[in-house]
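Keep in mind that what you see is a predicted model, and the values were worked out from it rather than measured.
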Amino acid sequence: MRFNQSTQTRYYGCRKCCLFPGMKSICILVVVFLLMLPNADAFDPLDPTGNITIKWDIVSWTADGYVAAVTMSNFQMYRSIMNPGWTLGWQWAKKEVIWSMVGAQTTEQGDCSKFKGNVPHCCKKNPIVVDLLPGVPYNQQFSNCCKAGVMSAWGQDPTGSVSAFQVSVGLAGTSNKTVKLPKNFNLLGPGLGYTCGPAKVVPSTVYLTPDRRRKTQALMTWNVTCTYSQYLASRNPSCCVLFSSFYNETITPCPTCACGCQNKNNCVMSDSKQAHRKGINTPRKDNAPLLQCTHHMPY
């Protein structure tokens, strides 16, 4: 029996149930408890407190919205974001548009046909933002930008663990009371694995002037926290649980929460006629294991 380190906690109950059938009811309660934990899908046992925090600082109001500095900080100890870099998306709460961006760009402009004069940078309800490449013109750069979305892990290189850009938002509120926070944030880094919580208003960020003699602060600040789970990154790990027993005449029962039973093509249900046919334990033509799955622990 072998466990992948990232899935050991989730499949611990499955292992017990298969080894000791008399403990199935206890195991069911254990697994249900694990699934009910907050953000249970986004948990990294190698770095339980690590996260990527996305901070929005409104630095000025405009005629129809605001200008915000968006800073992404990778507080994970060991997990960097490598090429092709991060991708950040969200959903506007109202009918906001992006007039312009510095240090990043959206992947699509969307339908801006209703604008007759100045055309926004992006009119999509769900914009998707990527970092700029190194070497872009100076007037398109922003502090900690333009690294092709690459971010170092905080535990390895704190100075390289930050990425930022500036965005000018229109058709939005023009005060702390009228601004609506974006929602449904999602982060790819560069693949799946991150789950982002809702945006939450926090105390405004305080800045020091270059001479460090004066403090200024953002007009409004909100944070979004994204956590990583290797389980989300790979729904079907290559090896999370191996069920086998040389002394058992039938296939070893496997709860549906085990990785091999997530794909119905890899398993035989215990109540099916096929499970009782002669020679059912013979490996398939592709040598893939065939497991007997049950419904007592729905996944």
Kindly say whether the aromatic ring centers of F165 and F142 come within a distance under 6.0 Å.
-> no

Kindly write out the residues that satisfy disulfide (SG to SG under 2.5 Å) with C123, not counting sequence neighbours, or none if the list is empty.
-> C112

Pairwise distance NZ(K183) to CG(N126) - rounded to 0.5 angstrom | 9.5 Å

Mind checking whether M72 and N74 have side chains closer than 4.5 Å, heavy atoms only?
-> no

Do V150 and Y194 share a hydrophobic cluster, counting only Ile, Leu, Val, Met, Phe, Trp and Tyr and linking them when any side-chain heavy atoms are less than 4.5 Å apart?
-> no

If every non-hydrogen atom of P182 is compared with every non-hydrogen atom of A199, which pair is closest and at what distance?
-> O-CB, 3.8 Å

Side-chain heavy atoms under 4.5 angstrom apart, residues restricted to Ile, Leu, Val, Met, Phe, Trp, Tyr: same cluster for Y66 and V97?
-> no

Side chains of W90 and N186 in contact at under 4.5 Å (non-hydrogen atoms) | no

Pairing residues for Y78 by the ring-ring contact (aromatic ring centres under 6.0 Å, His included) criterion, not counting sequence neighbours | none

The complete set of side-chain hydrogen bond (donor to acceptor under 3.5 Å, both in side chains) pairs with one or both residues in residues 102-125, sequence neighbours excluded, reads T106-H121, D111-S113

Name the atoms and distances for all side-chain donor-acceptor pairs under 3.5 Å in residues 169-177, with sequence neighbours left out.
{"from": "S175", "atom 1": "OG", "to": "K177", "atom 2": "N", "distance (Å)": "3.4"}
{"from": "S175", "atom 1": "OG", "to": "T178", "atom 2": "N", "distance (Å)": "3.4"}
{"from": "S175", "atom 1": "OG", "to": "T178", "atom 2": "OG1", "distance (Å)": "3.1"}
{"from": "N176", "atom 1": "ND2", "to": "L219", "atom 2": "O", "distance (Å)": "3.0"}

Of all heavy-atom pairs linking T205 and T221, the shortest is N-OG1, 3.1 Å

Who passes side chain to side chain contact (heavy atoms under 4.5 Å, CB included) against K215, sequence neighbours left out?
-> V206, L208

Donor-acceptor contact below 3.5 Å, side chain S204 vs main chain A218 | yes

Under the 4.5 Å side-chain heavy-atom rule for ILVMFWY, direct or indirect, which residues accompany L132?
-> V136

Determine, using the 4.5 Å side-chain heavy-atom cutoff (strictly less than), whether V70 and I98 are members of one ILVMFWY cluster.
-> yes

Sorted by chain and number, sequence neighbours left out, disulfide (SG to SG under 2.5 Å) with C226 holds for C196

Answer yes or no: are there more than 12 heavy-atom neighbours, outside K94 itself, under 6.0 Å from its atom NZ?
-> yes

Following the transitive rule for hydrophobic clusters with a side-chain heavy-atom cut-off under 4.5 Å over Ile, Leu, Val, Met, Phe, Trp and Tyr, establish whether V167 and L181 coincide in one cluster.
-> yes

Please examine the side chains of P190 and W86, heavy atoms only from C-beta on, and report whether any two atoms are closer than 4.5 Å.
-> no

Kindly indicate, with the supporting measurements, whether the criterion side-chain contact (heavy atoms from CB on, under 4.5 Å) is fulfilled by L187 and T87.
-> CA-CA 6 Å; L187 174 66; T87 301; over 6 Å; no

W222: what forms a ring-ring contact (aromatic ring centres under 6.0 Å, His included) with it, not counting sequence neighbours?
-> W56

Residues forming a salt bridge (Lys or Arg N to Asp or Glu O under 4.0 Å) with K55, sequence neighbours excluded | D57

For G149 and I81, the nearest pair of non-hydrogen atoms, with its separation, is O-CG2, 3.4 Å

Sequence neighbours excluded, the answer for side chain to side chain contact (heavy atoms under 4.5 Å, CB included) partners of V162 is T71, S73, N144

Does a donor on one side chain and an acceptor on the other come within less than 3.5 Å for Q156 and S80?
-> yes

Do Q76 and Y228 touch side chain to side chain, with heavy atoms closer than 4.5 Å?
-> yes

Can you sort out the partners of M77 under side chain to side chain contact (heavy atoms under 4.5 Å, CB included), two or more places apart, ordered by chain and number?
-> D47, W154

Same cluster (ILVMFWY, side-chain, under 4.5 Å), F185 and V202 = no

Transitive ILVMFWY cluster of V119, excluding itself - 4.5 Å side-chain cut-off = none

Pick out which of V224, I54, D131, V130 makes a side-chain contact (heavy atoms from CB on, under 4.5 Å) with L88.
-> I54

Gap between atom OG of S163 and atom NZ of K147 - 0.5 Å precision = 5.5 Å

Are the side chains of F75 and T53 in touch, meaning some heavy atoms are under 4.5 Å apart?
-> yes

S161 and M151, any side-chain heavy atoms less than 4.5 Å apart = no

How long is the span from the CD atom in Q140 to the CE atom in M101, to the nearest 0.5 Å?
-> 12.0 Å

Going by atom types alone, do D64 and W99 pair a side-chain donor with an acceptor below 3.5 Å?
-> yes

